[in-house]
Amino acid sequence: MAHSLASSQPRRQFSVVLIKPSHYHDDGYVIRWWRGLVPSNSLAALHGVALDCARRAVLGPDVDIVIDVIDETNTRVNVAKLLRRFRASDGFGMLGLIGVQTNQYPRALDIARPFRAAGVPVVIGGFHVSGCIAMLDGTAVDLDRARELGVTIFAGEAEGRFETLVQECASGRLKPDYDFTEDLVDMSGQPSPFLPIEFVKRTAGTNGSFDSGRGCPYQCSFCTIINVQGRKSRSRSPDDVENVIRENWAEGISRFFITDDNFARNREWEPILDRLISLREVDGIPLGLMIQVDTLCHKIPNFIEKCHRAGVTRVFIGLENINPDNLKAVKKPQNKITEYRRMLLAWKAQGIFTYAGYILGLPADTPESIRRDIEIIQRELPLDIVEWAILTPLPGSEDHTALWKKGAAMDGNLNNYDFEHVVADHPRMSRSEWQAIYHEAWTRYYSPAHVETLLRRGAAAGTPLLSLVKALVPFIHMAPVENIHPLQAGLFRRKHPSERRYGLPPVSLGAFYADHIGKTIANNLKLIGTIVWILRLKRRIERNPNRRSYIDIALTPVVDDDAALDLLTKTSGAKAAIAHLKKVAALTH
Ligand code: B12
Ligand code: SF4
């Protein structure tokens, strides 16, 4: 993509290569797929910003800004080819490492290394560097490794700043550090996040993404988001959102992941939903949306109903835990377990299926309590998909800062900060017990019997079963078979010998290909087996004439004697929550 104005001067090309790095699997190779799960919204955001700079010819009328985007989860970073590109333009350009999370930081620096050796300017941005700069001393954690390579650190948001960055880069004045963490941008009127359709097609399903807002008012101690994007709600305007939808719809994209961490607390949620409803009902754009919300969203008048009308089909909820003592310990008291069933049933009533984030390893957890809690969730909560995560002190969070200041032992391998590896100590479990119960959680929850229950509940609620099946398959398959979290999933793992982690002992080509081909065949046969099994199950359930009348404890409407449920009686925190509710009721009646 290039954009320029006519001129008589000889034209130059400034290459902007934007790479979203993946991270290394335990096997030492980059996690990359033939088709990734969803497109990277960080990449879409930066691409939108860079495209805007190119259109406005911010390097002057005689310079074309040529932009390339690479999402490493679905495309190999061909270093030799990219270096040839930079050499052909005498190094006039910039490599951007985009949206780099802590677990992606080691890989990002490995990508940077050969480019820096060839003198190409490299800039790194995203949550790792932003979180560290916002919360720590400016050198932690491993930021000096980037500086030693001559990689420029960009902390904070790119909107309104990328222009200066490319101008300083083009004139050889790139600084080693840029820090905008204290200066959050006004999101209204900013360029739309956008990826052309050829990139979106490299993911499974043609989904676009955009953040309609940033910021969350809560204060969870494990959260990095509030320390990077702030606690005040900042929002794109309904016009901006309409532009994003129309630009994407022109390419045939009508399904979107709205990535706001808490759409329910976007202060513009209602005008945005009204606009989406109009685009769907008046303009006929067949919107299909996934959003993220909190556990109190059902209390906002009209929220769930309007979500349904706007085309929301999937909703992600930060449930985190069912023990109030645990929730209090991580400063998430706004999650009221006494409201969980009411909230989940409200989504179910609209045929929308729910994903819940669930953290394993909060202070009161033990392997036994986790097993008990999984059973309670299966039996009593009308949830569809649970995403298990290990409590991880991510740099940029309050939890990490406290441990860092205490000098507590934390894993120095940042590649492991992916919610799948234990990286710190727990008060009641050894690291190996904790790691083991994380793996066990996947197979326990997605047992064949429970998957059947989930489909039966879906059929009873009128949820489109094929969509539910498609959503379930990666959650059943990925963790036990590929040993990869479903949020990093894709179709057909790709590997290249050049993608081995820097510093690991080399592997012979014969051993590399034998292992890769063997695992590809074995793992995909298992995937086919799972798909065949679940499709048969779906067919059996659909053929059952009584499927709409299926009922179980989870689907039973909330009643006063909910207080008899294990959810509300098995922990001291739950009992205290019920006692508190009774006290409030006695005082108010
Ligand atoms: C959408 C999302 C996903 C999506 C898509 C990935 C993506 N990045 O788009 C999916 C579901 C796949 C996903 C998966 C995971 N995610 Co995620 N995800 C998000 C979420 C909610 C939004 C990302 C986003 O688009 N933000 C908006 C963009 C515009 O912000 P941004 O990336 O920070 O970029 C801005 C600035 O940082 C800066 N910038 C960024 N890069 C660069 C580069 C340059 C050169 C410059 C100048 C500027 C710049 O400019 C941008 C625009 O202002 C964030 C939380 C959040 N609020 O950001 C978590 C988040 C990024 N995810 C996180 C994690 C841990 C994961 C997983 C590891 C979870 C897991 N269990 O597997 C996986 C990793 C998979 C992967 N390959 O990325 C963490 C990372 C924290 C950290 N410090 O490491 C976050 C912050 C959430 C959290 N729990 O704290 N995720
Ligand atoms: S509700 Fe979510 S986004 Fe908000 S502070 Fe808690 S973890 Fe962070």
Side-chain angles (χ1 to χ4, degrees), residues 20 22-27 29-41 71-74 101 103-104 202-205 207 209 255 257 259 261 290-292 313-320 353-361 370 374 377-378 383-392 415-422 435 437-448 450-451 454-455 458 463 466-494 519-520 523-524 526-531 533-535:
K20 164 81 192 173
S22 177
H23 84 132
Y24 294 107
H25 190 229
D26 291 348
D27 64 12
Y29 293 94
V30 164
I31 298 176
R32 178 166 62 85
W33 306 93
W34 170 65
R35 291 285 178 266
L37 181 73
V38 287
S40 162
N41 187 54
D71 181 345
E72 205 189 19
T73 63
N74 58 43
Q101 305 172 2
N103 68 87
Q104 295 158 351
R202 290 180 195 161
T203 56
N207 294 298
S209 67
R255 288 200 300 270
F257 177 11
T259 62
D261 295 282
M290 170 152 183
I291 57 169
Q292 310 196 93
T313 55
R314 301 170 186 213
V315 59
F316 176 89
I317 302 149
L319 202 84
E320 322 301 10
F353 58 86
T354 47
Y355 292 67
Y358 199 97
I359 302 178
L360 301 174
I370 289 174
I374 291 175
I377 295 169
Q378 287 176 319
L383 249 178
D384 296 307
I385 285 170
V386 182
E387 288 178 20
W388 307 104
I390 292 175
L391 177 67
T392 304
N415 194 72
N416 283 346
Y417 286 64
D418 53 3
F419 300 167
E420 295 166 84
H421 293 87
V422 172
Q435 190 68 58
I437 191 68
Y438 163 77
H439 289 296
E440 191 183 319
W442 290 105
T443 39
R444 258 185 190 265
Y445 183 77
Y446 295 101
S447 67
H450 192 58
V451 170
L454 293 177
L455 290 187
T463 309
L466 188 59
S467 304
L468 185 53
V469 162
K470 281 193 207 159
L472 277 167
V473 168
F475 286 84
I476 301 169
H477 172 81
M478 274 295 151
V481 178
E482 297 276 4
N483 186 23
I484 287 177
H485 195 282
L487 289 192
Q488 298 166 41
L491 262 181
F492 300 115
R493 175 90 195 270
R494 292 305 232 348
K519 282 197 180 123
T520 302
N523 292 356
N524 286 298
K526 286 185 189 153
L527 176 63
I528 292 168
T530 300
I531 294 172
W533 168 76
I534 197 168
L535 284 176

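Along the sequence shown, residues are numbered consecutively beginning with 1.
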To the nearest 0.5 Å, tell me how far [X] [atom1] sits from [Y] [atom2].
X      : Y      : atom1 : atom2 : value
Leu360 : Glu320 : CG    : CD    : 11.0 Å
Ile31  : Asp26  : CD1   : CG    : 8.0 Å
Met478 : Asn483 : CE    : CG    : 11.0 Å
Ile359 : Leu319 : CD1   : CG    : 10.0 Å
Ser22  : Gln101 : OG    : CD    : 9.5 Å
Leu454 : Asp384 : CG    : CG    : 6.0 Å

What's the shortest heavy-atom distance between [X] and [Y], and which atoms?
X      : Y      : value
Glu482 : Asn523 : OE1-ND2, 3.2 Å
Gly361 : Leu391 : O-CD2, 3.5 Å
Phe353 : Ala471 : CE1-CB, 3.7 Å
Glu387 : Leu487 : OE1-CD1, 3.3 Å
Leu383 : Ala356 : CD2-CB, 3.5 Å
His421 : Asp418 : ND1-OD1, 2.9 Å

Would you please name every residue forming a side chain to side chain contact (heavy atoms under 4.5 Å, CB included) with [X], sequence neighbours left out?
X      : value
Lys470 : Leu466
Asp71  : Lys20, Ser40, Leu43, Thr73, Asn74
Thr392 : Ile390, Leu394, Tyr417, Phe419, Val423
Asp27  : His25, Tyr29, Arg493, Lys495

What pairs meet the salt bridge (Lys or Arg N to Asp or Glu O under 4.0 Å) rule with one or both residues in residues 437-447, with sequence neighbours excluded?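 Salt bridge (Lys or Arg N to Asp or Glu O under 4.0 Å) check on residues 437-447 returns Arg371-Glu440, Glu440-Arg444.
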Show, in sequence, the C-alpha distance, side-chain angles and deciding distance for Phe492 and Arg35, and conclude whether the side-chain contact (heavy atoms from CB on, under 4.5 Å) test is met. CA-CA 7 Å; Phe492 300 115; Arg35 291 285 178 266; over 6 Å; no
Do Val469 and Leu535 make a side-chain contact, defined as non-hydrogen atoms from C-beta onward lying under 4.5 Å apart?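 Side-chain contact under 4.5 Å: yes.
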Mind checking whether Gln378 and Ser447 have side chains closer than 4.5 Å, heavy atoms only?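 They are in side-chain contact.
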Look at the side chain of Tyr446 and the backbone N and O of His477, then say whether any donor-acceptor pair between them is shorter than 3.5 Å.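 The answer is no, because no donor-acceptor pair under 3.5 Å joins these two groups.
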Between Trp442 (side chain only) and His485 (backbone N and O only), is there a donor and an acceptor less than 3.5 Å apart?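 Flag not set: sc Trp442 to bb His485 has no pair under 3.5 Å.
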Residue list, side-chain hydrogen bond (donor to acceptor under 3.5 Å, both in side chains) with Arg314, at least two apart or on another chain: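 Result, side-chain hydrogen bond (donor to acceptor under 3.5 Å, both in side chains) vs Arg314: Tyr355.
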side-chain contact (heavy atoms from CB on, under 4.5 Å) between Val473 and Ile531, worked out: CA-CA 7 Å; Val473 168; Ile531 294 172; 4.1 Å; yes
Any chance you could lay out the side-chain hydrogen bond (donor to acceptor under 3.5 Å, both in side chains) test for Gln104 and Glu72, step after step, and finish with the verdict? CA-CA 11 Å; Gln104 295 158 351; Glu72 205 189 19; over 6 Å; no
For side-chain contact (heavy atoms from CB on, under 4.5 Å), just list the numbers for Ile374 and Trp388, CA-CA rounded to whole Å, side-chain angles, deciding distance to a tenth of an Å, and then say yes or no. CA-CA 11 Å; Ile374 291 175; Trp388 307 104; 3.6 Å; yes
Start with the C-alpha gap between Thr203 and Val38, add the side-chain angles, then the distance that decides, and say whether side-chain contact (heavy atoms from CB on, under 4.5 Å) holds. CA-CA 6 Å; Thr203 56; Val38 287; 5.5 Å; no
